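Have a look at the structure below, then the notes.
In this text, all values refer to a predicted model and were calculated from it rather than measured experimentally.
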Amino acid sequence: MAGTDDPETFGWDRIEGILQNDGAITFRMIPVDRCAQIEERLTDIGCTISWWDVFDGSVDEIRTASQRLLKTPCDGLDLNMPSASDGPAIYERAQVFMAEHGVAPYPTQVLSGAIGDAALAVLTEPNDGSIAATAFAYFPYNRHSTHARSAWAGLVAVREDMRKRGLEAFVNAQVLMNAVDRMGADRVQEFARTRNIASCRMIKHCGLSRRSDVRSGIAQPAEAVSFTS
Ligand SMILES: CC(C)(COP(=O)(O)OP(=O)(O)OC[C@H]1O[C@@H](n2cnc3c(N)ncnc32)[C@H](O)[C@@H]1OP(=O)(O)O)[C@@H](O)C(=O)NCCC(=O)NCCS
């Protein structure tokens with residue numbers, strides 16, 4: 001999905017074209033005092049935007065919190081961190097799992113790191129290989145952005161019968177540590193709806209803090225079905 005963290009420079013003609021052709025565009029790290037203006041412009045072209053809270057953390061904040069979380073056992077599950085050489089099957093299974101759990105999956109080229117550094121964590125059952133949880137991180141911004149060295153983490157989902165055990169923080173911490181230690185991110189961002197209390201708590205446990213100055217969101221035609229929980 002296309003996105004912009006600078007709508008005026010990117011241009012509203014292009015934004016409108018993307019909404020017509022692709023049906024969605026992400027607005028990232030928008031100052032809160034600009035959000036109403038964006039909502040008005042979108043209304044004028046028959047579109048709407050659904051905002052997320054933004055969280056982010058520095059390398060040190062993430063290391064401190066995530067190293068502690070990674071010491072907790074993950075209930076005998078296997079941790080897989082696939083790479084492009086593993087073939088498409090694991091990505092296809094992860095995509096199905098995410099979609100079944102209310103998270104809009106990313107394409108295989110993005111999940112596998114084929115078009116840019118990325119980290120996918122998949123927890124599986126040792127007996128049958130079924131997926132228990134997923135998380136993902138990559139660099140969503142290009143070189144023109146002030147956030148170019150910020151990674152984004154998300155696509156966290158835990159199978160219903162595996163919830164309330166801390167697996168969400170464990171799998172999220174895996175991709176956060178990958179983002180800062182292997183991928184070299186300066187900071188990592190995550191987005192969540194205010195109403196998704198479990199998600200917001202998980203993100204804070206992993207060392208990220210809510211940003212009161214910015215919001216992110218997906219714009220879509222007014223009649224479209226929302227992408228994420
Ligand atoms: C979001 C998700 C990964 C969280 O995993 P989970 O195992 O359900 O998380 P938990 O139930 O352990 O909740 C996490 C924390 O939130 C707290 N919490 C959850 N619901 C709460 C509520 N209604 N009120 C207060 N606290 C709540 C839990 O007590 C826990 O706190 P703690 O870690 O301090 O003990 C999981 O619910 C999921 O897969 N949801 C569907 C996909 C999704 O929404 N992904 C996030 C997209 S941004």
Side-chain angles (χ1 to χ4, degrees), residues 1 3-6 26-32 51-74 77 79-84 94 98 103 106 109-123 133-158 166-194 196-217 228:
M1 185 187 304
T4 177
D5 59 325
D6 185 355
T26 308
F27 288 79
R28 291 174 179 264
M29 307 304 278
I30 304 296
V32 287
W51 296 106
W52 293 293
D53 290 348
V54 170
F55 300 78
D56 80 348
S58 67
V59 170
D60 286 347
E61 289 164 338
I62 287 165
R63 280 197 188 128
T64 303
S66 295
Q67 277 169 352
R68 178 175 38 80
L69 290 167
L70 295 183
K71 286 187 187 133
T72 59
C74 61
L77 297 166
L79 172 67
N80 306 270
M81 301 288 294
S83 61
M98 289 170 189
V103 172
Y106 283 22
Q109 300 96 309
V110 181
L111 292 181
S112 66
I115 57 170
D117 234 348
L120 175 67
V122 183
L123 288 180
T134 59
F136 176 67
Y138 80 129
F139 288 110
Y141 301 97
N142 67 21
R143 67 185 192 286
H144 302 291
S145 171
T146 53
H147 305 289
R149 294 312 305 163
S150 289
W152 172 87
L155 310 188
V156 181
V158 177
L167 292 182
E168 77 290 358
F170 178 86
V171 77
N172 193 46
Q174 290 288 350
V175 299
L176 291 173
M177 287 298 286
N178 254 268
V180 297
D181 283 346
R182 183 179 60 78
M183 293 160 52
D186 291 344
R187 303 186 70 82
V188 186
Q189 308 170 350
E190 296 206 33
F191 306 153
R193 304 243 185 262
T194 310
N196 195 338
I197 298 171
S199 185
C200 293
R201 282 188 71 91
M202 166 200 73
I203 293 168
K204 287 184 185 167
H205 284 325
C206 290
L208 282 63
S209 305
R210 191 190 301 262
R211 292 274 301 262
S212 57
D213 56 330
V214 287
R215 295 161 92 192
S216 295
T228 54

Query raised in the report: Are any of the side-chain heavy atoms of D53 and I203 separated by less than 4.5 Å?
Result: no
Query raised in the report: Where do M177 and I62 come nearest, in terms of heavy atoms and distance?
Result: SD-O, 4.3 Å
Query - Nearest-0.5 Å distance that lies between atom CE in M202 and atom CG in N196 - result: 8.0 Å
Report task. Over all heavy atoms of both residues, which pair between I30 and T4 is shortest? Give the atoms and the distance, please. Result -> CD1-O, 4.4 Å
Query - For R187, all residues meeting salt bridge (Lys or Arg N to Asp or Glu O under 4.0 Å), sequence neighbours excluded - result: D56
Query raised in the report: Do V175 and L120 have side chains that get closer than 4.5 Å, going by heavy atoms?
Result: no
Query raised in the report: So, the side chain of N142 versus the backbone of H144: is there a donor-acceptor pair under 3.5 Å, distance only?
Result: yes
Report summary line: The salt bridge (Lys or Arg N to Asp or Glu O under 4.0 Å) partners of D60 (sequence neighbours excluded) come to none
Query raised in the report: Looking only at heavy atoms, what is the nearest atom pair of Q189 and S150, with distance?
Result: NE2-CB, 3.8 Å
Report task. Calculate, to the nearest 0.5 Å, the distance between atoms CG and CG belonging to L70 and N172 respectively. Result -> 10.0 Å
Query raised in the report: Quick check: does any side chain N or O of R182 sit under 3.5 Å from a backbone N or O of A118, one acting as donor and the other as acceptor?
Result: yes
**Report entry** Those residues that, when tested against R149, pass salt bridge (Lys or Arg N to Asp or Glu O under 4.0 Å) (two or more places apart)
**Finding:** none
Requested in this report: Kindly say whether R28 contributes a backbone atom to a donor-acceptor pair with the side chain of T26 at under 3.5 angstrom?
Outcome: no
**Report entry** Taking every non-hydrogen atom, the tightest pair across K204 and F55
**Finding:** CE-CE2, 3.9 Å
Report task. Please identify each residue that fulfils ring pair (Phe, Tyr, Trp, His ring centres under 6.0 Å) with F136, with sequence neighbours left out. Result -> Y106, Y138
**Report entry** Spatial distance of atom CZ (F27) from atom CH2 (W52) [nearest 0.5 Å]
**Finding:** 11.5 Å
Query raised in the report: What distance separates E61 CD from L176 CG, expressed to the nearest 0.5 Å?
Result: 11.5 Å
Requested in this report: For F139, enumerate each residue passing the ring pair (Phe, Tyr, Trp, His ring centres under 6.0 Å) test, keeping only those at least two apart in sequence or located in another chain.
Outcome: none
Query raised in the report: Which heavy atom of A173 sits nearest a heavy atom of C206, and at what distance?
Result: N-SG, 4.1 Å
Query raised in the report: If you measure from OG1 on T134 to CD on Q174, what distance do you get to the nearest 0.5 Å?
Result: 13.0 Å
Query raised in the report: Is the side chain of S216 donor-acceptor paired with the backbone N or O of M29 at a distance under 3.5 Å, no angle test?
Result: yes
Report task. Would you check if L123 and F170 make a side-chain contact, meaning some heavy-atom pair closer than 4.5 Å? Result -> yes
Requested in this report: Please identify each residue that fulfils salt bridge (Lys or Arg N to Asp or Glu O under 4.0 Å) with D5, with sequence neighbours left out.
Outcome: none
Query raised in the report: Does S66 reach the main-chain N or O of G207 with its side chain, forming a donor-acceptor pair under 3.5 Å?
Result: no
Query - Exercise: identify the closest heavy-atom pair between L208 and E190 - result: CD2-CG, 3.6 Å
